[in-house]
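Structure first, commentary second.
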Amino acid sequence: MQTWLNYFEYNRRNRPSVPWARGIEVEPHLRTPLIRSLQKFQLGESGEGRKLRDHARKAGDPTYAAAIDLFIQEEQEHARLMGFILRDLQAPVLTNHWSDRCFVFLRQLFGLQQELMVLLLPEMIAKRYFQALHDGTRDPVLRAVFAQIARDEDGHLAFHVAYLQRAFENLSFTRRIVALVIWRLLFRATCLAVMLDHRSVLQAVGVNRREFWQDCGRIFDAVAAGIFSPAHLGGPAPVIHPQPSTNP
Ligand SMILES: [Fe+2]
Ligand SMILES: [Fe+2]
């Protein structure tokens with residue numbers, strides 16, 4: 001886990017600059033759907049992660065607990081960046097939304113491993129979502145922010161895969177299959193909810209539903225292979241690797 005602590009520290013010290021001074025000129029057709037969608041993602045990433053910090057501390061590895069602290073800080077940084085965008089677009093941030101309440105409730109039901117599995121559901125979708133936002137606008141401020149968040153999300157996925165692969169190392173074949181089937185169902189239900197709730201912005205950035213659904217499925221397959229492939233039997237290595245930030 002030391003590698004991950006180093007990764008998060010490196011990533012915190014090496015944030016690319018965002019040209020905020022030039023202001024945001026969002027395409028007119030994108031403005032309203034982007035605001036409505038970002039408000040919900042901003043709320044989702046602004047949590048303090050108190051339960052997750054608690055769980056991580058109880059796992060007995062101080063290096064992992066420190067990496068989780070930095071991971072949560074990185075999510076809060078995403079919320080801060082999205083907050084700046086909303087302020088620039090003269091839109092308020094949300095303090096409450098059903099989708100956020102739903103995930104907070106689910107995450108608090110179980111222990112660390114299950115909490116990470118629930119947390120990974122929107123994380124996998126966020127990777128494709130921020131890539132879509134990046135590709136769907138020409139504004140340099142928005143592109144810089146969305147590119148950075150999408151890169152960070154790659155790191156988050158790989159970080160959780162690394163931990164869960166070890167945590168599930170001794171899980172029997174049957175339990176792996178059951179866990180995978182239930183997790184896939186939950187993932188697809190989450191995909192559906194996100195696609196419905198954020199359909200206007202996905203349409204505005206030109207991503208069709210089938211493409212989004214299939215791309216999310218590919219991300220899920222890579223993450224699931226990383227977690228559930230028995231490494232000791234020589235299973236495939238996780239496809240997702242941490243990528244240190246570079247200045248654009
Ligand atoms: Fe994030
Ligand atoms: Fe994340």
Side-chain angles (χ1 to χ4, degrees), residues 1 4-5 7-12 14-16 18 34 37-53 55-56 64-86 93-94 97 99-100 102-104 106-107 112-135 142-164 183 186-187 190-191 193-194 197-198 201 215-216 219-220 222-224 226-227 238-245:
M1 278 296 147
W4 283 105
L5 188 56
Y7 164 76
F8 281 116
E9 278 169 354
Y10 176 90
N11 215 24
R12 187 173 55 170
N14 293 277
R15 306 301 286 175
V18 176
L34 179 67
S37 179
L38 270 191
Q39 281 173 322
K40 295 169 204 165
F41 266 86
Q42 196 275 342
L43 176 63
E45 305 219 15
S46 62
E48 291 176 11
R50 225 171 296 140
K51 198 85 182 172
L52 182 57
R53 284 183 215 268
H55 281 151
Y64 179 65
I68 281 285
D69 273 347
L70 292 183
F71 156 72
I72 292 167
Q73 282 176 35
E74 208 164 273
E75 293 294 19
Q76 290 168 339
E77 169 65 7
H78 293 173
R80 195 180 69 93
L81 292 171
M82 285 185 267
F84 281 159
I85 292 174
L86 289 170
V93 292
L94 298 185
H97 189 259
S99 57
D100 186 57
C102 198
F103 272 104
V104 170
L106 275 176
R107 282 173 49 182
L112 175 61
Q113 291 156 15
Q114 293 78 8
E115 180 174 9
L116 290 176
M117 300 291 277
V118 173
L119 183 147
L120 270 170
L121 299 171
E123 290 273 274
M124 290 185 270
I125 298 168
K127 174 180 154 75
R128 182 63 184 92
Y129 168 85
F130 284 108
Q131 189 62 53
L133 294 192
H134 169 269
D135 297 346
L142 294 179
R143 283 175 68 85
V145 171
F146 298 147
Q148 180 59 41
I149 296 180
R151 270 197 297 272
D152 291 343
E153 297 303 346
D154 262 342
H156 296 177
L157 294 180
F159 169 55
H160 297 311
V161 165
Y163 180 81
L164 288 170
W183 199 37
L186 285 173
F187 177 70
T190 312
C191 272
V194 170
D197 204 21
H198 297 263
V201 78
D215 288 349
C216 287
I219 294 169
F220 178 89
V223 169
I227 294 173
V239 175
I240 300 146
H241 302 286
Q243 298 172 353
S245 303

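Side chains included, hydrogens not; waters and symmetry mates left out as well; all remaining heavy atoms used. All ligand and atom numbering here is 1-based and tracks the order in the structure.
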Shortest non-hydrogen contact from Glu123 to Glu153? OE2-OE1, 3.1 Å

Exercise: identify the closest heavy-atom pair between Pro16 and Arg151: CG-NH2, 3.8 Å

Using 30° and 60° as the class boundaries, would you call the ring planes of Tyr129 and Phe41 parallel, tilted or perpendicular? parallel

Between Phe8 and Trp4, how do the two ring planes meet: parallel, tilted or perpendicular, split at 30° and 60°? tilted

Are Tyr64 and Phe159 an aromatic pair by the rule of ring centers under 6.0 Å? yes

Would you list the protein N, O or S atoms within less than 2.8 Å of the Fe ion (ligand 2), leaving out water? Glu75 OE2, Glu123 OE1, Glu123 OE2, Glu153 OE1, His156 ND1

Run the side chain to side chain contact (heavy atoms under 4.5 Å, CB included) check on Phe220 and Val223 step by step: do they pass? CA-CA 5 Å; Phe220 178 89; Val223 169; 5.9 Å; no

